[in-house]
Engineer: 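Here it is, the structure in full.
Letters go in sequence order (proteins before strands), and every chain restarts at 1. The analysis underlying the following values was restricted to heavy atoms, covering all of them including side chains, and did not include hydrogens, waters or symmetry mates.
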2 protein chains.
Amino acid sequence: MTSSTQRRRGRKPRLSQPLIVGAAMRVLARDGLDGLTIRGIAAELGVKSASLYWHFPTRDALVDRLADELIAGLPTERATTADWRTSLRDGSCELFRRLTSVRDAARVRSGRLVTGPNTLRWMEAGLDLFRRAGLNEVAAAYASHAVHVYTVGFVLFTAAPLSAGASREAALSAARGAFAGLERATYPNLVAMAGPLTEGAPETRFLYGLDRLIDGIALDRTT
Amino acid sequence: MTSSTQRRRGRKPRLSQPLIVGAAMRVLARDGLDGLTIRGIAAELGVKSASLYWHFPTRDALVDRLADELIAGLPTERATTADWRTSLRDGSCELFRRLTSVRDAARVRSGRLVTGPNTLRWMEAGLDLFRRAGLNEVAAAYASHAVHVYTVGFVLFTAAPLSAGASREAALSAARGAFAGLERATYPNLVAMAGPLTEGAPETRFLYGLDRLIDGIALDRTT
DNA sequence: ACCTGAACACCGTTCAAGT
DNA sequence: ACCTGAACACCGTTCAAGT
């Protein structure tokens with residue numbers, strides 16, 4: 001009758017931005033981005049939908065805030081003893097795991113320019129890392145963006161079937177069957193590689209490209 | 001009174017999947033993905049919205065089709081004389097330009113598993129390229145996906161302000177001002193690199209990461 | 001200052017009815 | 001077989017009204 005039900009039938013909801021963000025996070029995790037409605041968030045708070053507009057001007061502003069909050073607490077202070085390649089790899093993995101752990105997190109962050117404090121901190125750390133690695137300003141800016149784009153983009157593609165509602169296993173096995181069932185004459189590689197294209201842990205697949213990207217940046221640094 | 005007005009007030013609309021796809025493409029280019037409504041497409045065809053459901057089961061199925069159609073005609077037959085690095089670079093650039101040329105094209109293609117014929121052809125060509133380059137099946141599958149993810153992801157981030165409604169110049173100059181105006185003590189790199197972070201042609205920035213990725217893959221091939 | 005009631009202008013989708 | 005009329009259950013958002 002106290003804090004557990006207070007959320008749904010509390011006497012004085014006493015809204016606030018953090019409270020709304022928290023409720024929105026729960027709805028996002030449960031229903032995904034398409035299910036993240038103002039009305040749904042209000043219901044989660046035991047409040048009427050119009051109330052939220054006192055604290056956020058639009059739904060989009062709330063999602064912007066969510067996008068920044070999604071990467072809150074990500075470690076940005078790396079031991080300076082670790083070399084830049086390890087730091088970059090570990091940091092990108094950290095971001096990868098965070099985006100993978102919340103439903104539609106990559107979708108929330110993609111397609112919008114996030115300028116919240118957590119994102120700024122994350123960007124600053126990335127740039128710092130590349131500068132310490134010896135890249136000039138332009139290269140550091142471009143390289144940092146490239147790694148970020150690759151990371152978010154990868155999660156976006158990996159989570160695509162989940163966002164659509166299907167389970168990951170079902171979607172992948174369906175895709176594997178589709179590839180394997182194509183005409184061998186016109187799609188020899190898709191048929192032959194139906195396995196590699198759809199198997200393997202997401203993080204392993206992610207790391208392959210990440211390591212290639214880091215190798216390429218390292219090469220650019222030395223030449 | 002003939003073909004120009006026929007679209008809006010034609011006597012016998014005589015719908016078909018290609019006709020609907022064409023109209024949807026025009027609406028997408030004009031109003032973006034958020035403005036791509038069944039009612040809007042129907043209006044573009046001079047038809048009632050319910051009519052479209054005879055030809056497509058859901059809006060999502062239509063957008064799936066659009067996603068595949070967006071990369072129709074992209075060259076997949078490369079001169080075998082060109083080395084794989086040049087082919088890969090040119091091909092990715094081609095995709096980059098196509099996705100950049102239609103509003104929200106990257107958004108339409110991201111977050112969904114496209115299995116249309118144009119996409120299959122494109123995938124097959126990518127895999128073939130990496131196999132001819134000497135990568136094994138797993139590496140070819142992973143590398144191909146990495147390059148694709150990077151390309152679509154890059155366009156997605158570049159087009160973010162456009163999708164939100166703002167002009168690209170306005171959004172970038174706003175971002176530049178925001179970076180430059182941060183506290184130097186906590187965000188030294190963002191302040192110092194406000195220029196490089198927001199200037200430069202999109203394609204130049206895209207090519208930096210693409211070339212690093214290709215370099216890294218080439219390195220993986222030789223070791 | 002903060003929340004509610006009630007409405008507005010939209011959506012995707014369905015389905016009986018027309019032709 | 002193919003299209004329309006009319007409705008259903010939703011949206012985000014606004015705003016006068018309550019407290």
Engineer: Find the distance A:Ile41:CD1 to D:dC11:C1' and express it as a whole number of Å.
Structural biologist: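 The answer, rounded to whole Å, is 13 Å.
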
Engineer: Nearest whole Å is fine: how far is D:dT14 C1' from A:Ile38 CD1?
Structural biologist: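 Checked: the CD1 to C1' distance equals 13 Å.
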
Engineer: In this structure, how many angstroms lie between the P atom of C:dC3 and the CZ atom of A:Phe56, rounded?
Structural biologist: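 One finds 13 Å between P of C:dC3 and CZ of A:Phe56, rounded.
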
Engineer: Check every atom of D:dT13, D:dC11, C:dT4 against the side chain of A:Thr37 and return the nucleotide holding the closest atom.
Structural biologist: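 Nearest to the side-chain atoms of A:Thr37, counting from C-beta on, is D:dC11.
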
Engineer: Roughly, in whole Å, what's the span from CG in A:Leu45 to P in C:dC2?
Structural biologist: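 In whole Å, C:dC2 P and A:Leu45 CG are 16 Å from each other.
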
Engineer: Please determine, for the side chain of B:Arg59, which listed nucleotide (C:dT4, D:dC3, C:dG12) has the closest atom?
Structural biologist: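 Among C:dT4, D:dC3, C:dG12, the one nearest the side chain of B:Arg59 is C:dG12.
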
Engineer: Does D:dG12 pair with anything, Watson-Crick or G-U wobble, both distances under 3.5 Å, and if so, with which nucleotide?
Structural biologist: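 WC or wobble partner is C:dC8.
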
Engineer: Which nucleotide wins on minimum distance to the side chain of A:Arg39, given the candidates D:dT13, C:dT13, C:dT4?
Structural biologist: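 Selected nucleotide: D:dT13.
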
Engineer: Whether A:Trp54 contacts C:dC2 is assessed here as follows: a side-chain N or O lying under 4.0 Å from the phosphate OP1 or OP2. Is that the case?
Structural biologist: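 True: A:Trp54 side-chain N/O within range (under 4.0 Å) of C:dC2 OP1/OP2.
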
Engineer: Using the side-chain heavy atoms of A:Tyr53, tell me which of these nucleotides is nearest: D:dA6, D:dT13, D:dC3.
Structural biologist: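 Of D:dA6, D:dT13, D:dC3, D:dT13 is nearest to the side chain of A:Tyr53.
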
Engineer: Under a 3.5 Å cut-off for both contacts, is D:dA1 paired Watson-Crick or G-U wobble with anything, and if yes, with which nucleotide?
Structural biologist: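 Partner of D:dA1: C:dT19.
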
Engineer: Which word best sums up how the rings of B:Phe154 and B:Phe206 line up, parallel for under 30°, tilted for 30 to 60°, or perpendicular for over 60°?
Structural biologist: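 B:Phe154 and B:Phe206: perpendicular rings.
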
Engineer: Given D:dC2, D:dA6, C:dC2, which nucleotide is nearest the side-chain atoms of A:Arg14?
Structural biologist: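 From the listed options, C:dC2 comes nearest.
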
Engineer: Separation of B:Ile20 atom CD1 from D:dC2 atom C1', in whole Å?
Structural biologist: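 To the nearest whole Å, that distance equals 11 Å.
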
Engineer: Between B:Asp34 (CG) and C:dG12 (C1'), how many Å, whole number?
Structural biologist: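 Nearest whole value for this atom pair: 15 Å.
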
Engineer: Regarding B:Asp60 and B:Arg112, does a basic nitrogen lie under 4.0 Å from an acidic carboxylate oxygen?
Structural biologist: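 Yes, B:Asp60 and B:Arg112 are salt-bridged.
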
Engineer: Where the side chain of B:Asp68 meets the backbone of B:Asn118, is there a donor-acceptor pair that is under 3.5 Å apart?
Structural biologist: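 Flag set: sc B:Asp68 to bb B:Asn118 pair under 3.5 Å.
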
Engineer: Are OP1 or OP2 of C:dC3 and a side-chain N or O of A:His55 less than 4.0 angstrom apart?
Structural biologist: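 So the side-chain polar atoms of A:His55 do come within 4.0 Å of the phosphate oxygens OP1 or OP2 of C:dC3, strictly under.
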
Engineer: Checking A:Thr204 side chain against A:Gly200 main chain: does a donor-acceptor pair fall under 3.5 Å?
Structural biologist: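 Here the side-chain-to-backbone pair does not exist.
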
Engineer: Output the rounded distance in Å from CG (A:Leu52) to P (C:dC3).
Structural biologist: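 Going from CG in A:Leu52 over to P in C:dC3 covers 9 Å.
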
Engineer: Is B:Glu69 salt-bridged to B:Arg65, cutoff N-O under 4.0 Å?
Structural biologist: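 Looking at B:Arg65 together with B:Glu69, the answer is yes, because their closest N to O distance falls below 4.0 Å.
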
Engineer: Rounded off to whole Å, could you give me the CG-to-C1' distance for the B:Asp60 and C:dC11 pair?
Structural biologist: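 Whole-Å distance recorded here is 15 Å.
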
